[in-house]
Amino acid sequence: EVQLLESGGGLVQPGGSLRLSCTASGFTFSSYVLYWVRQAPGKGLEWVSAITDSGGRTYHADSVKGRFTISRDNSKNTLYLEMNSLRAEDTAVYYCARGVGLDYCDYWGQGTLVTVSS
Amino acid sequence: QSVLTQPPSVSAAPGQKVTISCSGSSSNIGNNYVSWYQQVPGTAPKLLIYDNNKRPSGTPDRFSGSKSGTSATLGITGLQTGDEADYYCGAWDNSVSAGVFGGGTKLTVL
């Protein structure tokens, strides 16, 4: 059974940093593209970042480019999202998802809440 | 403002049919596959349709997808109260090298 478990969310002050993790099981981790997608309270889904199976290529939304970095450790079956210079508008539930190429996400985690507030 | 445009809400009676549109451009829907996701409030999104019109195992055949040019449509027949959820379309966008979603459509089964 494919499982994705996010962790690392919490309350952080504006300008602060946070690192999210997503631990995967039930599939060959190193064979899949992985994504971060977020959802602000009461809002729709927003694509954040993606990373190829080897980690050789990464993609980020313009809204987080230069502040967020996606990475992965295939030896630990873990996906990361390093978030710096956080803003109030980054407040959201952050989901990790397994990708089939860059086409779609077939499995999603339950999400971790990040709140940016003073 | 989402890159892909969806109606904010649709509604229909149980047993009826509803369609949800998703409009984009040549840089996303026009040249890439479209996927659809169902999200019951308070839960994670779930893949409903991929590659424009394919259903993963577990998606009932009451759900269908289609694409024409720079627009896509999700169709749901035989509506059930359990279909009440938010529905999102998604695609890759070549111009920004990033994924994009629609703003979401809330389905109400009256």
Taking the inter-plane angle between the rings of A:W108 and B:F101 on a 0 to 90° scale, is it parallel (under 30°), tilted (30 to 60°) or perpendicular (over 60°)?
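Judged by the thresholds at 30° and 60°, the geometry between A:W108 and B:F101 is tilted.
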Verify same cluster id: [X], [Y] (apolar side-chain graph, 4.5 Å):
{"X": "A:Y35", "Y": "A:V114", "result": "no"}
{"X": "A:Y80", "Y": "A:F68", "result": "no"}
{"X": "B:L48", "Y": "B:Y50", "result": "no"}
{"X": "A:W36", "Y": "B:V96", "result": "no"}

Return the minimal non-hydrogen interatomic distance between [X] and [Y], and the atom names on each side.
{"X": "A:Y59", "Y": "B:S97", "result": "CD2-O, 3.5 Å"}
{"X": "B:A98", "Y": "A:W47", "result": "CB-CZ3, 3.4 Å"}
{"X": "B:A44", "Y": "A:G109", "result": "CB-O, 3.2 Å"}

Just how far is it from atom OH of B:Y33 to atom CG of A:D103, taken to the nearest 0.5 Å?
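Rounded to the nearest 0.5 Å, the OH-CG separation comes to 7.0 Å.
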Atom [atom1] of residue position [X] - does it have more than 12 heavy atoms of other residues, nucleotides or ligands inside 6.0 Å?
{"X": "B:R62", "atom1": "CZ", "answer": "yes"}
{"X": "A:K76", "atom1": "NZ", "answer": "no"}
{"X": "A:K65", "atom1": "NZ", "answer": "yes"}

Quick one: ring pair (Phe, Tyr, Trp, His ring centres under 6.0 Å) pairs with a partner in residues 51-87 of chain B, sequence neighbours left out?
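As it turns out, there is no ring pair (Phe, Tyr, Trp, His ring centres under 6.0 Å) pair with a partner in residues 51-87 of chain B once direct neighbours are skipped.
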Sort A:V93 into side chain, backbone, both or neither according to what part of it lies under 4.5 angstrom from a heavy atom of chain B.
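Looking at A:V93, nothing touches chain B.
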Segment of A:Q39 engaging chain B (4.5 angstrom heavy-atom cut-off)
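Only the side chain of A:Q39 comes within 4.5 Å of chain B.
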Check whether B:P56 gets within reach of chain A through its side chain, its backbone, both or neither, counting any heavy atom under 4.5 Å.
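Neither part; nothing is under 4.5 Å.
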Taking side chain as everything from C-beta outward and backbone as N, CA, C, O, which of these in B:S2 sits under 4.5 Å from a heavy atom of chain A? Side chain, backbone, both or neither.
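It is neither, since no heavy atom gets under 4.5 Å.
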Can you confirm whether B:L47 sits close enough to A:Y104 that some side-chain heavy atom of one is under 4.5 Å from a side-chain heavy atom of the other?
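Yes, side chains in contact.
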Greatest number of heavy atom pairs closer than 4.5 Å to chain A - which of B:D51, B:N32, B:V100, B:D86:
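Going by pairs under 4.5 Å, I would pick B:D51.
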Options B:G102, B:P45, B:A91, B:G90, ranked by heavy-atom pairs under 4.5 Å with chain A, top entry
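Heavy-atom pair counts peak at B:P45.
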